[in-house]
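Written out below as structure tokens is the structure these notes cover.
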Amino acid sequence: PAHPYTRGLVRSYPAICRAKDLQGIPGMMSHGLAGCPFHDRCTQRIEICKTEVPLLEEVRGRLVACHRGGIVPLLEVRELSVSFGSYPALSGVDLTLYEGETLAVVGESGSGKTTLSKAIMGLCQEESGEIFLEGERVEKRDASFYSRVQMVFQNPKESVSHRMTVLDAVLEPLNVMRRGSPEERVARAKQVLRQAELPVNDRFLAKYPHQLSGGEVQRVAIARALALRPKLLIADEPTSALDPSVQAKILKLLLNLQERMGLGILLVTHDIAVARKVSDRIVVLLKGRIVEEGATDEILIGAGHPYTQTLIESASERLDPGEGGGSLELAPARSRIEIKI
Ligand SMILES: Nc1ncnc2c1ncn2[C@@H]1O[C@H](COP(=O)(O)OP(=O)(O)O)[C@@H](O)[C@H]1O
Ligand code: SF4
Ligand SMILES: [Mg+2]
């Protein structure tokens, strides 16, 4: 889909062959006559959307009625390379993440996923290439960049300081960026903790990370990352340290936030089964290079690169109850081909 409303409809429908569905569209249908009929519910609206009806125009070979030419790119990475000494951890990586979508970066351990996340955040020392955020080239990572892009790190227990209480951890980005008065900052911290489905009573706010469960610390890390209302969240293996029931809750939470706020999510995972459930598109990383990129359904149904197929097969083996030890007849990706035929 090229139009945000079409994407909302596609995502809402329960489809037998699709992975990420039942997500919904925020808000209610507007009955106003002015402006774009979708503007009340659109997460990428601009001023003109409220007042002028967009005309149906050709955009990249499609007809789309949208003042912004359809769903807009949020993050563009061009020819990004990172080396550690003589070791090329990332080589010429190109990717585009659109407003309000989840792009999964999938690859085995050591393929460069964390390096990619950190390089986008400006946390790698030697990088080359270009990064564009909302169409503008990122020259330096300043306050404006970090208010729009935030990251949840691979290990929440290490990324949330053990000397900070829950409230302090979530207040910190608001204090650093001097957002509002002290009272407004506390109100925002509580609001974002509630969005992350955490309690906001004094007892919980005064807890330290070691007094919380793994799932709770991860929610605090997510609340902290969302406090500044970023447009893009980079989540590096946000659930790999959690048990499956907590993983499910955290992934659903991210999808809900995406639906309500139009949050773009770069989801880093070694697990293609997780990517299948929550991503719109997938890029596959192997030894620091992208070897495949495409819509999640297309990649899961017919992976073009043998490495992607290996990732799918190893995830399928985990799901396979045993017969034939990962036989492809039982693998979800292949059975979906049969359904299609
Ligand atoms: N700070 C570093 N110094 C040297 N090598 C590193 C550093 N960080 C990562 N690497 C190497 O870069 C490669 C990619 O690492 P990483 O991005 O952490 O992979 P992933 O997150 O996919 O597991 C690995 O071979 C790793 O050993
Ligand atoms: S960006 Fe504006 S014109 Fe395009 S769908 Fe959203 S509200 Fe409508
Ligand atoms: Mg990693």
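The basis for the numbers below is simple: all heavy atoms, side chains too, and nothing from hydrogens, waters or symmetry mates. Numbers here are sequence positions counted from 1. All ligand and atom numbering here is 1-based and tracks the order in the structure. Just so it is clear, the structure is predicted and the values come from calculations on it, not from any experiment.
Residues of the protein with a heavy atom under 4.0 Å from ligand 1 are Phe84, Tyr87, Ala89, Glu108, Ser109, Gly110, Ser111, Gly112, Lys113, Thr114, Thr115, listed by chain and number.
Side chains of Thr43 and Glu99: a donor on one and an acceptor on the other come within 3.5 Å. The closest side-chain donor-acceptor pair between Ser81 and Arg289, if any, does not fall under 3.5 angstrom. Judged by distance alone, the side chains of Arg188 and Gln191 do bring a donor and an acceptor atom under 3.5 Å apart.
Between Arg148 and Glu134 a salt bridge is recorded (basic side-chain N to carboxylate O distance below 4.0 Å). With respect to Glu293 and Arg281, a salt bridge is recorded, a charged nitrogen being found less than 4.0 Å from a carboxylate O. A salt bridge is absent between Lys118 and Glu127; no separation between the charged side-chain nitrogens and carboxylate oxygens falls under 4.0 Å.
The contact set between ligand 2 and His3, taken as ligand atoms under 4.0 Å from a residue heavy atom, comprises 5 (S).
Checking Gln154 against the Mg ion (ligand 3), an N/O/S atom falls under the 2.8 Å cut-off. With 2.8 Å as the limit, Ser117 does not count as an N, O or S neighbour of the Mg ion (ligand 3).
When atom types are taken as modelled, the side chain of Arg185 and the backbone of Arg179 share a donor-acceptor pair closer than 3.5 angstrom. Side chain of Asp280 to main chain of Thr102: a donor-acceptor pair is present (N/O by atom type, distance under 3.5 Å, no hydrogens or angles). Between the side chain of His67 and the backbone N or O of Glu52, at least one donor-acceptor pair lies under 3.5 Å.
For atom 2 (Fe) of ligand 2, the nearby protein N/O/S atoms, meaning those under 2.8 Å, are Cys49 SG.
Using bins of under 30°, 30° to 60° and over 60° for the plane-to-plane angle, the ring pair His210/Tyr208 lands in the parallel bin.
Across all non-hydrogen atoms, the minimal contact from Arg219 to Ala196 is NH1-O, 3.2 Å.
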